[in-house]
Each structure stands twice: as C-alpha cells, then as structure tokens.
Amino acid sequence: IARSPGSVVVPCRARGMPMDHNFRTAYFVIPETVEHGEELICSYYACRNAGIKFRYCSHCKIPVAKRNFRKRHNHGLMAPKVSGSRAGADLASGTGGVIASARGGDTDEE
C-alpha cells in the first residue's frame with residue numbers, strides 16, 4: 001500500500017461487490033490534508049470504476065456514503081445546496097428546496 005506520511009488507510013465498505021473486495025484489496029488512502037466532503041476513491045478496480053460512492057466526514061473522521069452525506073454528515077460545515085429557479089421561493093417558504101421522495105420522507109438531495 002503506497003501512502004504518504006500522515007495518511008491513513010481505511011477499508012472500503014461498499015456493498016454488493018465481489019468476494020475479493022476485502023480489507024486487503026479495497027481501501028481508501030486518506031491524506032492528512034483531506035477536507036470535509038472530499039470524494040474518496042477505492043483502490044479496488046471494479047469499485048473505482050463503478051463511480052465514487054463515498055465522501056470523507058472530517059467531523060466523524062470516517063468515509064461515509066455519498067448519498068447520505070448532506071443529510072447525515074453536514075455538521076454545519078458546508079453551505080446548503082441551492083439550485084434551480086425555485087431555490088429562492090423554496091428558501092422563502094421555509095422548505096429549503098428539499099423534496100421528499102416517493103419512498104416516504106427521504107429528503108436526500110444526491
């Protein structure tokens with residue numbers, strides 16, 4: 001495992017991967033200078049090619065699922081995501097631009 005001084009190696013916990021996606025072959029090398037919300041790339045070729053699934057939470061000091069990051073790991077460290085022409089109207093109405101999904105209340109934006 002090639003890593004720079006001060007970096008940490010953390011196993012990738014992606015689900016649905018083949019049996020050889022394990023702590024020896026699938027890991028993140030997290031540098032000392034990593035920022036909150038920075039995307040992490042797994043060392044395992046199939047996981048890496050499937051797309052970036054994790055971000056780093058500097059508050060919890062762990063890799064977290066990208067799809068849950070804004071909802072569970074914002075910790076007040078990131079500005080709220082504002083997009084589209086209705087963003088101002090949503091903020092004024094108090095909804096904040098968050099749309100609940102058909103699954104029943106998930107408010108994840110990514």
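These numbers come from a predicted model, not from an experiment. Along the sequence shown, residues carry numbers from 1.
Counting only distance, with no hydrogens or angles, the side chain of Arg55 and the backbone of Lys66 share no donor-acceptor pair below 3.5 Å. Between the side chain of Ser58 and the backbone N or O of Glu35, no donor-acceptor pair lies under 3.5 Å.
Residues satisfying the side-chain contact (heavy atoms from CB on, under 4.5 Å) test with Arg72, not counting sequence neighbours, are Asn68. Residues passing the side-chain contact (heavy atoms from CB on, under 4.5 Å) test with Val64, sequence neighbours excluded: Cys57, Ile62, Phe69, His73.
Distance check, rounded to the nearest 0.5 Å: CD of Glu39 to NZ of Lys53 gives 12.5 Å. For the atom pair CE of Met17 and SG of Cys42, the computed distance is 7.5 Å after rounding to the nearest 0.5 Å. Taken from CD1 in Ile41 to CD1 in Ile52, the straight-line distance is 4.5 Å, to the nearest 0.5 Å.
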Please assess Tyr44 against Asp20 for the test side-chain contact (heavy atoms from CB on, under 4.5 Å), listing each intermediate value before the final yes or no. CA-CA 9 Å; Tyr44 189 78; Asp20 59 341; 2.5 Å; yes
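In this structure the side chain of Pro63 reaches within 4.5 angstrom of the side chain of Ile30, judged on heavy atoms.
Residues Phe54 and Ala14 approach most closely at CZ-N, 3.7 Å, considering heavy atoms.
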